[in-house]
Amino acid sequence: MLPPDAVDSPASDEVEIPLEGGNVGGAVRVGDTVRRPTGPWTPAVHELLDFLATTDLPHVPRVLGTDDQGREVLTYLPGRVVPIGVETLTDGQVRAAMRWLRHFHDVVAGFPRDSRRWRFLERALEPDEIVCHHDTAMYNMAFDGDELAGVFDWDVAGPGRPIDDLAIFAWNAPLLFPDGDHATAAHGLRVMAEAYGDVDPAVILDHVTVRMTDASDRIEEGQRRGDPGMLRLGEIGEPASTRARIATLRAHAPAIRALL
């Protein structure tokens with residue numbers, strides 16, 4: 001017998017379509033749903049998504065349950081994912097993402113602060129923390145033109161500070177190609193800061209190396225634990241490639257900061 005919140009597996013005529021990206025999770029689309037592997041952190045993530053469903057925050061998947069393969073079932077969020085490393089986000093898309101991120105940080109401050117098992121740790125929120133998405137990058141966002149249409153892949157959510165989410169976005173957008181294009185990087189950081197509000201673009205820049213060093217350490221720790229998602233990242237060269245980019249960013253950061 002299926003659990004009370006179970007969703008039937010797709011019928012034979014419902015094709016499972018692997019979604020692009022998915023280096024950690026391996027998500028597939030089935031009709032208007034997304035199916036993803038679960039883990040010990042899934043109850044906390046579902047509690048978070050259920051909480052966000054009670055707020056006015058848009059563009060977040062809804063939890064529909066699990067299927068008889070044990071995969072979580074979420075609503076599919078339509079829109080176009082801008083291919084990272086191929087295209088850059090427009091200023092309008094950056095502004096839309098930052099307005100959404102500020103809204104998320106405001107509403108998630110009301111999420112209960114007691115201890116939960118997240119993907120990388122188990123503890124309560126500290127006084128200066130909220131639950132962050134922790135992977136608010138362009139590859140986890142869908143757009144309709146310049147408007148944000150969806151934010152997905154919540155499986156690494158957990159305790160953090162708002163600047164952590166800003167840093168991961170900056171790492172994957174304005175700071176993706178810092179070599180020889182300091183003006184573009186500085187411009188993107190300014191657009192981010194202006195749209196988010198109450199943050200200095202230099203503060204975002206300075207936190208990126210901190211945030212990405214921490215991310216690299218967490219990936220390595222997960223690989224030591226045998227986390228399948230973190231092991232898949234190892235197959236594409238992580239976290240070694242991130243550590244190399246951190247060194248490059250450190251070399252270019254003074255020139256970028258001078259333009260802020």
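We use all heavy atoms of the structure for the numbers below, so side chains are in, but hydrogens, waters and symmetry mates are not. Remember, predicted model here, so these are calculated numbers, not experimental data.
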### Task
Would you sort out whether N140 and H133 count as a side-chain contact (heavy atoms from CB on, under 4.5 Å), showing the intermediate values?
CA-CA 10 Å; N140 284 333; H133 180 285; 4.2 Å; yes

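- With sequence neighbours excluded, no residue forms a ring pair (Phe, Tyr, Trp, His ring centres under 6.0 Å) with H46.
- For F104 and W154, the distance between ring centers is under 6.0 angstrom.
- A salt bridge is absent between R102 and D165: the closest approach of a Lys/Arg side-chain nitrogen to an acidic carboxylate oxygen does not fall below 4.0 angstrom.
- Judged purely by atom type and a 3.5 angstrom limit, T42 uses its side chain to pair as donor or acceptor with the backbone of G39.
- For the atom pair L249 CG and M212 CE, the distance stands at 10.0 Å (nearest 0.5 Å).
- Ring planes of H252 and H182: tilted class, angle from 30 to 60°.
- Ion pairing between R35 and E16 fails under the 4.0 Å rule for side-chain N and carboxylate O.
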Kindly determine whether H207 and L166 satisfy side-chain contact (heavy atoms from CB on, under 4.5 Å), including the steps that lead there. CA-CA 9 Å; H207 193 68; L166 287 162; over 6 Å; no

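- F111 approaches L48 most closely through the heavy-atom pair CE1-CA, 3.7 Å.
- With T242 contributing its side chain and S216 its backbone, the two residues share no donor-acceptor pair below 3.5 Å.
- Applying the ring pair (Phe, Tyr, Trp, His ring centres under 6.0 Å) test to H134 and every residue at least two apart in sequence or in another chain returns nothing.
- A cation-pi arrangement is found for R245 relative to W171, the charged atom lying closer than 6.0 Å to the ring centre and inside a 45° cone about the ring normal.
- Between the side chain of Q223 and the backbone N or O of M230, at least one donor-acceptor pair lies under 3.5 Å.
- A pairwise comparison of heavy atoms in A193 and P201 identifies CB-CD, 3.7 Å as the closest pair.
- With D206 contributing its side chain and V203 its backbone, the two residues share no donor-acceptor pair below 3.5 Å.
- The shortest non-hydrogen separation linking P61 to V151 is CD-O, 3.2 Å.
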